[in-house]
There are 2 protein chains.
Amino acid sequence: MIAPDPDLVRALRALANPIRLQLLSWLREPERHFPLEGAIADPAEVGVCVSHIQTKAGLAQSTVSAYLAELQRAGLVQATRVGKWTHYKRDERRIAQIVAALGRTL
Amino acid sequence: MIAPDPDLVRALRALANPIRLQLLSWLREPERHFPLEGAIADPAEVGVCVSHIQTKAGLAQSTVSAYLAELQRAGLVQATRVGKWTHYKRDERRIAQIVAALGRTL
DNA sequence: TGTTCATATCGAGGTACTCCGAAACAGCGG
DNA sequence: CCGCTGTTTCGGAGTACCTCGATATGAACA
């Protein structure tokens, strides 16, 4: 009768949106999906800054920021501030954990 | 720029609810979670009838019925009518496909 | 045919999600 | 310190989700 892992449910809620899923997918290969030229820091190191993601997603900047914050709360991405730019990158370890937990629960 | 698989998103939306996730988890081992005595048919064959699931979930009958219908629309379970009882069972093939698609997209 | 039981569907109240623009916050450069 | 730029947070309008009770359907059985 024990309820399913709340962290898993939170992650699934974050994933249950085509745009958030897309963002996570783009972040798998940042150099493939975002302009290298504009990068203020190594994408593999810190990730991609919000403006690039926003441009590619085509949604309002506030919306993209909120989506990224939700992905972060769900533990799927990590944020790093470099100067005035916030960079988001996937947390591969947590993502793998979540997929494993899904396999266990599901 | 291609959008993520809509079927995957629909499945994730269905999974992004603790109760629906729980139902799916219970259905993994029906004989472990539901009374054998009341079973009108082999759980491994057709699954578990709505009344048993409803009793265990403790929600209104209409709610459980709607949740099961949503899981079915998402392709996660199959329904079989036996007399006046509708039995639901996991669609293991589709579930495996969805997990694979998630691994590919994510 | 009428009744009864299992399930599905409908309608509704409350809550959460989606997305926006406006405003607040935070790092810079002058 | 001021303004500029990137980002976050806030307030709101529309939509979807959660959950229920009431009602409708469908299958069995007297």
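To find a chain, count down the sequence lines: A is the first, B the second, and so on, and within it residues start at 1. Reckoned from all heavy atoms, side chains included, excluding hydrogens, waters and symmetry mates.
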Can a donor-acceptor pair be found, under 3.5 Å and without considering hydrogens, that links the side chain of A:S65 to the backbone of A:Q61? no

Quick one: closest heavy-atom pair of B:A79 and B:T86, and the distance? CB-CG2, 4.1 Å

What integer distance in Å separates B:H87:NE2 from C:dA6:P? 11 Å

Among C:dC20, D:dT7, D:dC20, which nucleotide has an atom closest to any side-chain atom of A:S65? D:dT7

Can you check whether A:R13's main-chain N or O pairs, donor with acceptor, with A:R20's side chain at less than 3.5 Å? yes

Expressed as a whole number of angstroms, how long is the span from B:I53:CD1 to C:dA8:C1'? 14 Å

B:K84 has its side chain closest, among D:dA27, D:dT7, D:dC18, to D:dA27

Nearest listed nucleotide, side chain of A:S62, among C:dA6, D:dT9, D:dG21: D:dT9

Proximal nucleotide (of D:dT7, D:dC17, C:dT7) relative to the A:R81 side chain: D:dT7

Could you work out which one of D:dC18, C:dC19, D:dC20 sits closest to the side chain of B:A60? D:dC20

Write down the distance between CZ (B:R10) and P (D:dA16), rounded to a whole number of angstrom. 13 Å

To the nearest Å, give me how far apart CG (B:L71) and P (D:dC18) are. 11 Å

Output the rounded distance in Å from CD (B:E70) to C1' (D:dA16). 11 Å

Can you tell me which nucleotide in C:dT18, D:dT7, C:dA6 comes closest to the side chain of B:W85? C:dA6

For a quick test of reading the model, state the closest non-hydrogen atom pair linking A:L15 to B:L12 and the distance between them. O-CD1, 3.6 Å

Nearest to the A:R13 side chain among C:dC17, D:dT19, D:dT9, which nucleotide is it? C:dC17

Against the side chain of B:L59, the closest entry in C:dC19, D:dT8, D:dT19 is D:dT19

Whole angstroms only, please: what is the CG-P distance between A:L12 and D:dC17? 15 Å

Decide yes or no, distance alone: a donor-acceptor N/O pair under 3.5 angstrom between the base of C:dA6 and the side-chain of B:Q61. no

